[in-house]
Amino acid sequence: MASCWWRWRRGCSWRPAARSPGPGPSGRAGPCGSRLLAAARAQISYFNLVKSLTAAFPNMYSISRLYHATSATCCYSKTRSGGKHTDPFKLGRRDLKGLYEDIRKELLISAAELKEMSEYYFDGKGKAFRPIIVVLMARACNIHYNNSRDVQASQRSIALIAEMIHTASLVHDDVIDDASSRRGKRTVNKIWGEKKAVLAGDLILSAASIALARIGNTTVISILTQVIEDLVRGEFLQLGSKENENERFAHYLEKTFKKTASLIANSCKAVSVLGCPDPVVHEIAYQYGKNVGIAFQLIDDVLDFTSCSDQMGKPTSADLKLGLATGPVLFACRQFPEMNAMIMRRFSLPGDVDRARQYVLQSDGVQQTTYLAQQYCHKAIREISKLRPSRERDALIQLSEIVLTRDK
């Protein structure tokens, strides 16, 4: 399977892996066996899931949205932008010089220990994925509206605020999950303890709220406070589970939106509101951020099974150990129904985590989750392509490919 998986990663096209009868080397199908047989089996499994979802949630899913062909391409920028690739990170960084210094200035703290804790993750070593999207969206919307290529100070502030909210949520998540490593180093809760970590996260969130209030736009304030509510609701969704398989998948996608995509979607919407009065543009920005955000998390859930700890900067198989059934697990469950019992007991019995991981790797769960991420990126590209052509718009298109092909 690994060789076929990485062939997909390099070639930006997907074909399903062969279905294995169960965990263990003896029953494992060759990773590059009969493509037609594997495709047929994977297609039937996926179709059954889609059919069930469509019947249970007619307003949320449709066959046309989730059903897939045997292969699909994800190299959108090559076909859409019509020219050489635009590096979104290089293009976006020009508006983010001094990003982390500016964030540290927002954290006006006199107590030395609290200051050190709050600034711990603002060391410039993160991907700055969210701030990059925000400034690129700001420019794309400004160009679309009045051909202005300048990012307003208030729009840049949204990039800082988004990164602060994101980081505060990481600090709190690590406390809830009892995580020991993040971005390749020890977590705040392991160094200073859980109680102080919670307070540090709260402080970062309060500093972000003050920065948001300074912008003075009530619409933007309302948009971004929704993010904080979604983060809390998403965490509560993660603490629960559903017995019904169809409800379980809808539950997973809703949690994914609230915990990950809402921040990206609403940050994109906020900068569009600041730069353009057209509600149609606001919706384009929101839908782009929502779909890219969901795709980003789906790939993150895939990497929990396919990447190594050194690449990720945090332990892999972490979700299973926390009792969480993510996309690859839910798809694998269609091929291995015995996983249902493990999901309901949140992989709590000895050997559950290892067995579940084996089932996932021997199913098409990884590929199906990746394909679903592709579909969300397709939607994001359809939305952003409605804006006037620009380097920033092309960079946002290119960013969707990076989301799909990243390995950490």
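The chain is numbered in sequence order, starting from 1. Treat the numbers as computed from the prediction; the structure is a model and nothing was measured.
The backbone N or O of I397 sits less than 3.5 Å from a side-chain atom of S400, completing a donor-acceptor pair. The main-chain N or O of C276 is found under 3.5 Å from a side-chain atom of H282 such that the two form a donor-acceptor pair. Between the R156 side chain and the V135 main chain, no donor and acceptor come within less than 3.5 Å of each other. Side-chain atoms of R130 never come within 3.5 Å of backbone atoms of L263 as a donor-acceptor pair (strictly under, hydrogens ignored). Between the side chain of N142 and the backbone N or O of V151 there is no donor-acceptor pair closer than 3.5 Å. Here the side chain of D278 pairs a donor or acceptor atom with the backbone of V280 at under 3.5 angstrom. A donor-acceptor pair is defined here as one N or O able to donate and one able to accept, closer than 3.5 Å; such a pair exists between the side chain of Q152 and the backbone of L274. With R248 contributing its side chain and L330 its backbone, the two residues share no donor-acceptor pair below 3.5 Å. For the pair N189 (side chain) and D178 (backbone), a donor-acceptor distance under 3.5 Å is absent. Under the 3.5 Å distance criterion, the side-chain polar atoms of Q155 are matched with a main-chain donor or acceptor of V271.
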**Message:** Walk me through whether T187 and D174 qualify under side chain to side chain donor-acceptor pair (under 3.5 Å).
**Reply:** CA-CA 7 Å; T187 54; D174 287 344; 5.0 Å; no
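Between R139 and D95, at least one side-chain N (NZ, or NE/NH1/NH2) sits under 4.0 Å from a carboxylate O, which counts as a salt bridge. Looking at R182 and D173, no side-chain N of the basic residue comes within less than 4.0 Å of a carboxylate O on the acidic one, giving no salt bridge. Salt-bridge annotation for E338 and R355: absent, with no side-chain N of the basic residue lying under 4.0 Å from a carboxylate O of the acidic one. Contact check on E392 versus R94 returns a salt bridge, with a Lys/Arg side-chain nitrogen under 4.0 Å from an Asp/Glu carboxylate oxygen.
In summary, the aromatic rings of Y376 and F296 are positioned with their centroids too far apart to meet the 6.0 Å limit.
Applying the salt bridge (charged side-chain N to carboxylate O under 4.0 Å, His left out) test to R233 and every residue at least two apart in sequence or in another chain returns E229. Applying the side chain to side chain contact (heavy atoms under 4.5 Å, CB included) criterion to T326, with sequence neighbours excluded, gives Y252, D301, F305, D319, P328, V329. Residues satisfying the side chain to side chain contact (heavy atoms under 4.5 Å, CB included) criterion with V353, sequence neighbours excluded, are L320, K321, F347. Listed by chain and residue number, nothing satisfies the side chain to side chain contact (heavy atoms under 4.5 Å, CB included) test with S222 (two or more places apart in sequence, or in another chain). Residues that satisfy the side chain to side chain contact (heavy atoms under 4.5 Å, CB included) test with I191, not counting sequence neighbours, are Y120, R186.
Between T369 and G327, the shortest heavy-atom contact is OG1-C, 3.2 Å.
H172 has its side chain within reach of D202: a pair of non-hydrogen atoms, C-beta onward, lies under 4.5 Å apart. Residues S267 and I133 fail the side-chain proximity criterion, which asks for heavy atoms closer than 4.5 Å. Between Q358 and D354, every side-chain heavy-atom pair lies at or beyond the 4.5 Å cut-off. Y286 is not listed as a side-chain neighbour of I223, based on a closest heavy-atom distance of 4.5 Å or more. No side-chain heavy atom of L203 sits less than 4.5 Å from a side-chain heavy atom of M117. V134 is not listed as a side-chain neighbour of E163, based on a closest heavy-atom distance of 4.5 Å or more. Using a 4.5 Å heavy-atom threshold, the side chains of I215 and I158 count as touching. With a 4.5 Å cut-off on side-chain heavy atoms, L107 and F122 count as touching.
The NE2 atom of H166 lies 15.5 Å from the CD1 atom of I161; values are rounded to the nearest 0.5 Å. Distance check: L349 CG to M342 CE gives 9.5 Å after rounding to the nearest 0.5 Å. To the nearest 0.5 Å, the span separating CD on E106 from OG on S206 amounts to 10.5 Å. In this structure, the separation between CZ on R393 and OG on S385 is 5.0 Å, given to the nearest 0.5 Å. The NZ atom of K258 sits 14.0 Å away from atom CD of Q238, with the distance rounded to the nearest 0.5 Å. If you take OG on S169 and NZ on K259, they are separated by 7.5 Å, rounding to the nearest 0.5 Å.
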Just list the side-chain donor-acceptor pairs under 3.5 Å for residues 288-295, sequence neighbours left out, or say none.
residue	atom	partner	partner atom	Å
Y288	OH	L396	O	2.5
N291	ND2	Q287	O	2.8

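Heavy-atom contacts from other residues, nucleotides or ligands closer than 6.0 Å to CZ of F89 number more than 12.
Aromatic ring pairs are classed by plane angle as parallel below 30°, tilted from 30° to 60° and perpendicular above 60°; the pair F331 and F249 is perpendicular.
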